[in-house]
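Single-structure report; data block below.
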Amino acid sequence: MIFDEVDSGIGGEVANTIGRYLRTLAQHKQVFCITHLPQVASFAHNHFQISKQIDAGKAKSHIQLLNEQTRAQEIARMLGGSNSELSKQTAIEMITSANCSVSQKV
């Protein structure tokens, strides 16, 4: 199942709820979700960063599987573009909380 920007126009606790639903759905189906919200991204089992560059007038897309550390850095960037220790710690807390909250009923 592919969800492209399922989070458009939402935020806060609604984004957390969508993240929980997607993670629960992923227990039974393969789910690929494109999101710009760190609340949704923090619920993912795996996190890919997709970027696009223009080279010699041609668009080139790059995809990279993020490890635990680079995932936290990317979610910190999604939170506001800051590379501060506070944003990194917030990202780690979001990932930890998302992993713990999945066991709660949706």
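Heavy-atom minimum distance, Gln39 versus Ala15: CB-CB, 3.7 Å. Taking each heavy atom of Leu79 and Met94 in turn, the nearest pair found is CD2-SD, 3.8 Å. When all heavy atoms of Ala91 and Ala76 are compared, the pair lying nearest together is CB-N, 3.6 Å.
Here Asp4 pairs with Ile34 under the side chain to side chain contact (heavy atoms under 4.5 Å, CB included) rule; sequence neighbours left out. With sequence neighbours excluded, no residue forms a salt bridge (Lys or Arg N to Asp or Glu O under 4.0 Å) with Glu68. In this structure, the side chain to side chain donor-acceptor pair (under 3.5 Å) partners of Ser87, at least two apart in sequence or on a different chain, are Ser84. Here Gln30 pairs with nothing under the side chain to side chain donor-acceptor pair (under 3.5 Å) rule; sequence neighbours left out. With sequence neighbours left out, the side chain to side chain contact (heavy atoms under 4.5 Å, CB included) criterion links His45 to Arg23, Ala26. A search for side chain to side chain contact (heavy atoms under 4.5 Å, CB included) contacts involving Ile2 returns Phe32, not counting sequence neighbours. Shown here are the side chain to side chain donor-acceptor pair (under 3.5 Å) partners of Asn46, two or more places apart in sequence or in another chain: there are none. Applying the side chain to side chain contact (heavy atoms under 4.5 Å, CB included) test to Asn67 and every residue at least two apart in sequence or in another chain returns Gln69, Thr70. Taking the side chain to side chain donor-acceptor pair (under 3.5 Å) definition, one finds that Ser42 meets it with nothing, sequence neighbours left out.
Side-chain contact between Ile95 and Arg71: present, with at least one pair of heavy atoms (C-beta onward) separated by less than 4.5 Å. Asn16 has its side chain within reach of Phe43: a pair of non-hydrogen atoms, C-beta onward, lies under 4.5 Å apart.
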Distance-only donor-acceptor pairs under 3.5 Å for side chains of residues 47-54, two or more places apart:
unit_1, atom_1, unit_2, atom_2, d
Gln49, NE2, Glu74, OE1, 2.9
Gln53, OE1, His62, NE2, 3.4

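Taking Ile, Leu, Val, Met, Phe, Trp and Tyr as hydrophobic and joining them when side-chain heavy atoms fall under 4.5 Å apart, one finds Leu25 in a cluster with Met1, Phe3, Val6, Ile10, Val14, Ile18, Leu22, Val31, Leu37, Val40.
Within the structure, salt bridge (Lys or Arg N to Asp or Glu O under 4.0 Å) pairs that include any residue of residues 8-18 comprise Glu13-Arg20 (at least two apart or interchain).
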